[in-house]
Amino acid sequence: MAHVSKISGGLCLAFFLLALALTPASAVFTSFSVGLNDGGGACNYKGDFRDSPFFNGGLTAYIPQSQYNGGKGCGTCYEVSCKNHKSCRGGSVTVRAVGKQGNGDFLLSSTAWDKIVRDRAAGRVEIKYRGVECPSNGTFAVRVMPGSNPYWFAIQILGVVDAVEKVEISKDASSWTSLRAMGESATWVLGSGAEKIVGVGRTVSVRVTEVAQAGQQLVLQLVNVIPAKWSAGTTYEYTVVI
């Protein structure tokens with residue numbers, strides 16, 4: 001069972017959405033679609049996405065390699081609509097990226113597929129998609145990854161609105177140290193020098209720089225989001241005013 005701790009902050013955020021053009025592609029339903037929400041994927045998110053408020057209630061997808069962008073596409077959102085197929089329901093669904101596809105297709109979770117396509121047996125349908133800001137109620141989270149310790153500290157940022165460009169941590173919310181992306185996943189790591197920031201008895205603040213597909217930048221500062229007595233494998237929530 002995941003452990004979750006909640007705190008609040010007074011940071012005000014403003015999100016700006018620019019309508020991007022719809023792009024044609026294909027979406028597929030395979031045996032992987034049913035298990036897609038059980039965690040895993042190239043982003044290395046864990047847990048049951050259907051039970052998490054940070055994964056759109058299981059409306060998730062593996063996105064094309066071109067959109068994945070070396071892992072920076074993890075957690076981003078796309079509006080997807082079914083086109084030109086007798087099984088199309090009409091309307092659209094907003095999915096959050098949790099992995100990548102080697103070809104140009106979107107692999108939709110069964111939850112997402114069922115929103116826009118009536119028949120799972122259709123297998124592949126034409127779609128149109130565009131990048132959008134992810135829905136947010138102002139609650140974000142930092143997951144301290146299993147195996148983390150004062151000398152190797154790894155975290156994931158959940159509930160992001162746009163692509164995560166940079167993650168930094170601080171023991172005083174004034175002097176910031178950058179983490180490095182771990183491979184092509186959604187995990188950010190600090191090795192050497194971590195003990196000076198996340199050592200026993202220190203609260204940790206996290207600063208996240210997000211970049212929208214249209215180029216706008218958002219800096220999200222989560223002050224003291226990680227408590228002094230943090231533990232690996234725990235998710236710490238932080239609510240801000242939007």
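No experiment lies behind these values; they were computed from the predicted model shown. Side chains are part of it too, since the values below use all heavy atoms of this structure and drop only hydrogens, waters and symmetry mates.
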Inter-residue atom distance [X].[atom1] - [Y].[atom2], 0.5 Å rounding:
{"X": "Phe49", "Y": "Thr111", "atom1": "CZ", "atom2": "OG1", "result": "11.0 Å"}
{"X": "Lys115", "Y": "Ser81", "atom1": "NZ", "atom2": "OG", "result": "15.5 Å"}
{"X": "Ser109", "Y": "Phe32", "atom1": "OG", "atom2": "CZ", "result": "14.5 Å"}
{"X": "Ile155", "Y": "Leu190", "atom1": "CD1", "atom2": "CG", "result": "9.5 Å"}

Sub-4.5 Å side-chain heavy-atom contact between [X] and [Y]:
{"X": "Gln221", "Y": "Trp176", "result": "yes"}
{"X": "Thr76", "Y": "Asp162", "result": "no"}
{"X": "Tyr129", "Y": "Leu22", "result": "no"}
{"X": "Arg207", "Y": "Ile169", "result": "no"}
{"X": "Tyr238", "Y": "Val142", "result": "no"}
{"X": "Cys74", "Y": "Tyr45", "result": "yes"}
{"X": "Val208", "Y": "Val219", "result": "no"}
{"X": "Glu184", "Y": "Lys100", "result": "yes"}

Can any side-chain N or O of [X] pair as donor or acceptor with the backbone N or O of [Y] at less than 3.5 Å?
{"X": "Ser148", "Y": "Ala232", "result": "no"}
{"X": "Asp119", "Y": "Val117", "result": "no"}
{"X": "Ser205", "Y": "Asn224", "result": "yes"}
{"X": "Asp105", "Y": "Leu107", "result": "no"}
{"X": "Arg124", "Y": "Ala27", "result": "no"}
{"X": "Trp230", "Y": "Val198", "result": "yes"}
{"X": "Gln156", "Y": "Arg143", "result": "no"}
{"X": "Ser231", "Y": "Thr234", "result": "no"}

Test side-chain hydrogen bond (donor to acceptor under 3.5 Å, both in side chains) applied to [X] - qualifying residues, sequence neighbours left out:
{"X": "Arg202", "result": "none"}
{"X": "Tyr68", "result": "none"}
{"X": "Tyr62", "result": "none"}
{"X": "Lys46", "result": "Asn44"}

Derivation of the side chain to side chain contact (heavy atoms under 4.5 Å, CB included) call for Met145 and Thr187
CA-CA 8 Å; Met145 300 299 287; Thr187 304; 3.9 Å; yes

Strictly by disulfide bond (SG atoms under 2.5 Å apart), give each pair with a member in [range] just once, sequence neighbours left out.
{"range": "residues 137-197", "result": "none"}
{"range": "residues 141-173", "result": "none"}
{"range": "residues 152-207", "result": "none"}
{"range": "residues 94-202", "result": "Cys77-Cys134"}

Joint cluster assignment, [X] & [Y], ILVMFWY side-chain distance < 4.5 Å:
{"X": "Leu179", "Y": "Val144", "result": "yes"}
{"X": "Val223", "Y": "Val204", "result": "yes"}
{"X": "Val98", "Y": "Val95", "result": "no"}
{"X": "Ile157", "Y": "Val211", "result": "no"}
{"X": "Val80", "Y": "Leu36", "result": "no"}

Solution key, residues 84-92 side-chain donor-acceptor pairs under 3.5 Å, sequence neighbours excluded:
{"residue": "Asn84", "atom": "ND2", "partner": "Glu126", "partner atom": "OE1", "Å": "3.1"}
{"residue": "His85", "atom": "ND1", "partner": "Ser87", "partner atom": "N", "Å": "3.0"}
{"residue": "Arg89", "atom": "NE", "partner": "Asp114", "partner atom": "O", "Å": "2.7"}

Tell me every residue that passes salt bridge (Lys or Arg N to Asp or Glu O under 4.0 Å) with [X], counting only those two or more places apart in sequence or in another chain.
{"X": "Lys72", "answer": "Glu165"}
{"X": "Asp38", "answer": "Arg50"}
{"X": "Glu79", "answer": "Arg130"}

Yes or no on side chain to side chain contact (heavy atoms under 4.5 Å, CB included) for Gln217 and Thr209, after CA distance, side-chain angles and deciding distance?
CA-CA 7 Å; Gln217 188 176 92; Thr209 301; 3.6 Å; yes

Heavy atoms only: give me the nearest [X]-[Y] pair and the separation to one decimal.
{"X": "Val93", "Y": "Ala112", "result": "CG1-O, 4.1 Å"}
{"X": "Trp152", "Y": "Gly147", "result": "CE3-O, 3.7 Å"}
{"X": "Ala228", "Y": "Gly201", "result": "CB-C, 3.6 Å"}
{"X": "Gly75", "Y": "Arg96", "result": "O-NH1, 2.7 Å"}

Pair Thr203-Ile226, side chain to side chain contact (heavy atoms under 4.5 Å, CB included): steps then yes or no
CA-CA 6 Å; Thr203 59; Ile226 302 174; over 6 Å; no

Is the ring pair Trp113/Phe29 parallel, tilted or perpendicular, if the boundaries are 30 and 60 degrees?
tilted

Are Phe153 and Trp188 close enough that their ring centers fall under 6.0 Å?
no

Just to verify, which of Leu158, Val161, Val225 counts as forming a side chain to side chain contact (heavy atoms under 4.5 Å, CB included) with Phe140?
Val161

For Thr94 and Leu59, run side chain to side chain contact (heavy atoms under 4.5 Å, CB included): C-alpha distance rounded to whole Å, both residues' side-chain angles, the deciding distance at 0.1 Å, then the answer.
CA-CA 7 Å; Thr94 297; Leu59 300 176; over 6 Å; no

Determine whether the side chains of Ser110 and Ser33 contain a donor N or O and an acceptor N or O closer than 3.5 Å.
no

Does Thr60 form a side-chain hydrogen bond (donor to acceptor under 3.5 Å, both in side chains) with Asn37? I'd like the steps, not just the answer.
CA-CA 7 Å; Thr60 56; Asn37 278 321; 2.6 Å; yes

